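For reference, the structure discussed in these notes is given below.
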2 protein chains.
Amino acid sequence: MNLSIAEENYIKSIYKLEEGQEAVSTNALAYELDTKPASVTDMAKKLKEKKLIAYEKYQGINLTSEGKKAALQIIRRHRLWECFLVEKLSFSWEEVHELAEELEHVRSEKLTNRLSEFLGNPQIDPHGDPIPDAQGKMGKPRVQTSLHKSKANRLEVMAVSDKSTALLEFLNTKGVRLGTQLDVIERYEFDNSIEIKIKNQPAFTISEQVAKSIMVKPI
Amino acid sequence: MNLSIAEENYIKSIYKLEEGQEAVSTNALAYELDTKPASVTDMAKKLKEKKLIAYEKYQGINLTSEGKKAALQIIRRHRLWECFLVEKLSFSWEEVHELAEELEHVRSEKLTNRLSEFLGNPQIDPHGDPIPDAQGKMGKPRVQTSLHKSKANRLEVMAVSDKSTALLEFLNTKGVRLGTQLDVIERYEFDNSIEIKIKNQPAFTISEQVAKSIMVKPI
DNA sequence: AATAAAATTTAGGTAAATCTAAATAATTTA
DNA sequence: TAAATTATTTAGATTTACCTAAATTTTATT
Ligand SMILES: [Mn+2]
Ligand SMILES: [Mn+2]
Ligand SMILES: [Mn+2]
Ligand SMILES: [Mn+2]
């Protein structure tokens with residue numbers, strides 16, 4: 001199955017949006033890919049033709065097992081390149097997503113596997129996301145609780161689900177990175193903002209949106 | 001100037017074919033890019049519009065200085081990725097050209113310069129070709145003599161100008177690599193084949209075509 | 001259940017990068 | 001130099017991946 005770059009980007013986005021949901025809507029996919037719903041409908045027909053998705057008019061989209069396999073390969077490449085950029089080329093975690101967005105489209109199993117080996121077969125990427133292995137098997141995300149939902153108050157940062165440069169830069173300035181331990185000082189009901197504190201640093205408040213992006217586990 | 005992948009491939013090929021020639025012909029470029037002359041004419045109009053080439057109907061193509069600058073950036077990326085693949089991921093010299101053909105299109109100066117640094121700012125790639133620096137300055141190829149033209153008989157292999165997998169694999173089996181020293185045993189006039197010998201190995205004969213691809217310097 | 005609103009699809013484009021076949025220009029050969 | 005050959009360009013399609021505007025279907029709201 002030879003996929004174009006556009007097709008790969010669709011497959012990857014469908015995989016991401018499918019998580020938890022029963023089907024991916026045309027509008028959601030258009031928003032995720034920064035394109036128009038009409039374009040999504042066009043592509044849906046093509047991907048159905050290629051048996052990568054299940055799709056019926058007005059019924060939303062699901063990956064077939066073929067499609068899932070393809071998605072996992074793309075995600076594997078994306079996350080390995082992110083590791084490479086951070087660990088070997090000293091990029092910061094907010095810089096690597098965009099570059100990996102292009103590097104992920106170089107389709108060579110040999111390259112992918114050699115890269116993985118070169119990096120010591122890493123299990124998680126710079127944002128805390130698990131990396132599928134050569135067979136496409138991916139460890140469950142180690143945490144499924146966001147700081148927003150978490151009940152506990154002594155927490156460790158395990159992953160960041162929003163990869164936007166702006167958010168990751170914000171977290172940099174606040175000293176929040178993977179492995180950071182923090183205490184919840186206060187949860188404000190009226191806007192769901194949270195005041196948190198990292199040892200030896202002044203406390204600060206984050207919005208609901210930020211709290212939803214920070215994945216944590218209780219210490 | 002934002003170039004598409006197709007435009008970058010054209011620019012790179014024009015740069016390559018321009019060497020020595022006064023202008024690049026439509027047919028030569030079509031052959032190099034494995035496309036049709038009519039497509040080349042179309043693209044020539046577009047690249048002229050973008051001021052990357054000088055082009056008049058029936059007069060052939062030349063890069064402008066803008067175009068040359070672009071070409072050198074692409075070549076820099078191509079050759080740095082080839083180095084990476086060979087030196088860090090243990091690829092063999094015949095495997096890297098195709099992969100670099102894709103990796104070269106990831107346009108990020110920061111990535112390119114970090115990669116160069118990571119590799120120790122290499123000056124030549126795995127095929128013996130010089131790597132342009134960040135400013136686009138490239139050392140003259142260290143040798144311009146092919147084994148075919150060379151007069152001397154004790155020679156060192158400095159580069160291989162044909163990057164086809166088949167030729168490079170052939171050279172592997174014969175023990176010819178960068179730095180290999182060899183003696184010319186005999187030059188056969190009737191077909192321009194050459195019998196050569198590498199120390200401690202049986203002599204063997206190469207065709208004119210192969211001899212033209214091996215760049216050498218006298219020891 | 002009827003109507004309004006929202007989501008999705010269809011119809012009919014466009015732009016990029018190709019192609020084939022035909023026309024034209026340049027070059028070579030006789 | 002006229003004819004033949006070769007090189008190049010033009011004309012007219014095709015495919016991919018988009019788009020806008022209009023039509024249709026689904027879902028939510030009276
Ligand atoms: Mn991508
Ligand atoms: Mn990531
Ligand atoms: Mn290329
Ligand atoms: Mn090379």
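Predicted, not measured: the structure shown is a model, and the values here were computed from it. Convention: sequence-line order gives letters A, B, ...; per-chain numbering from 1.
- An OP1 or OP2 oxygen of dT8(C) is reached within less than 4.0 angstrom by no side-chain nitrogen or oxygen of Tyr55(A).
- Put simply, Asn27(A) has no side-chain N or O that comes within less than 4.0 Å of OP1 or OP2 on dA6(C).
- Residue contacts for Ala6(A): at a heavy-atom cut-off of 4.0 Å it reaches the sugar-phosphate backbone alone, with no base atom in range.
- At whole-Å resolution of the value, CG in Leu29(A) and C1' in dA7(C) are 14 Å apart.
- For the pair Ser39(A) and dC19(D), the criterion of a side-chain N or O lying under 4.0 Å from OP1 or OP2 is met.
- If you check dT18(C), dT9(C), dT8(C) against the side chain of Ser25(A), the one that comes closest is dT8(C).
- Distance from the side chain of Ala38(B) is smallest for dA21(C) among the nucleotides dA21(C), dT10(C), dA7(D).
- Using modelled atom types, one finds a donor on one side chain and an acceptor on the other under 3.5 Å when comparing Ser164(B) with Asp162(B).
- Looking at His78(A) and Asp125(A), their side chains never bring a donor and an acceptor atom within 3.5 Å of each other.
- Which of dT8(C), dC19(D), dT8(D) sits closest to the side chain of Tyr58(B) comes down to dT8(D).
- Thr26(B) comes within contact range of the sugar-phosphate backbone alone, with a heavy-atom separation under 4.0 Å but no base atom that close.
- Along DNA chain D, the nucleotide nearest to Met43(A) and the one nearest to Val40(B) differ in position, and the one closer to the 5' end is contacted by Val40(B).
- A salt bridge is defined here as a Lys NZ or Arg NE, NH1 or NH2 lying under 4.0 Å from an Asp or Glu carboxylate O, and Lys163(B) with Glu94(B) fails to meet this definition.
- Spacing between atom CG of Asp42(B) and atom P of dT9(D) amounts to 10 Å, rounded to whole angstrom units.
- For the pair Glu7(B) CD and dT18(C) P, the interatomic distance rounds to 10 Å; values are reported in whole Å.
- Here the C1' atom of nucleotide dT16(D) and the CD1 atom of Ile5(A) are 13 Å apart, to the nearest Å.
- The side-chain tip of Lys174(B) points at the ring of Phe204(B) from less than 6.0 angstrom away and within 45° of straight on.
- Rounded to an integer number of Å, the gap from NZ of Lys57(A) to C1' of dA11(C) is 13 Å.
- Atom-to-atom, NZ of Lys50(A) to C1' of dT16(D) comes out at 10 Å; the value is rounded to the nearest Å.
- Separating the CD1 atom of Ile61(B) from the P atom of dA7(D) is a distance of 15 Å, rounded to the nearest angstrom.
- Note: CG (Leu33(B)) to C1' (dC19(C)) measures 15 Å, nearest angstrom.
- At least one side-chain nitrogen or oxygen of Tyr10(B) sits closer than 4.0 Å to the OP1 or OP2 atom of dT18(C).
- Side chains of His97(A) and His127(A): no donor on one and acceptor on the other come within 3.5 Å.
- OP1 or OP2 of dT9(C) sits under 4.0 Å from a side-chain N or O of Thr41(A).
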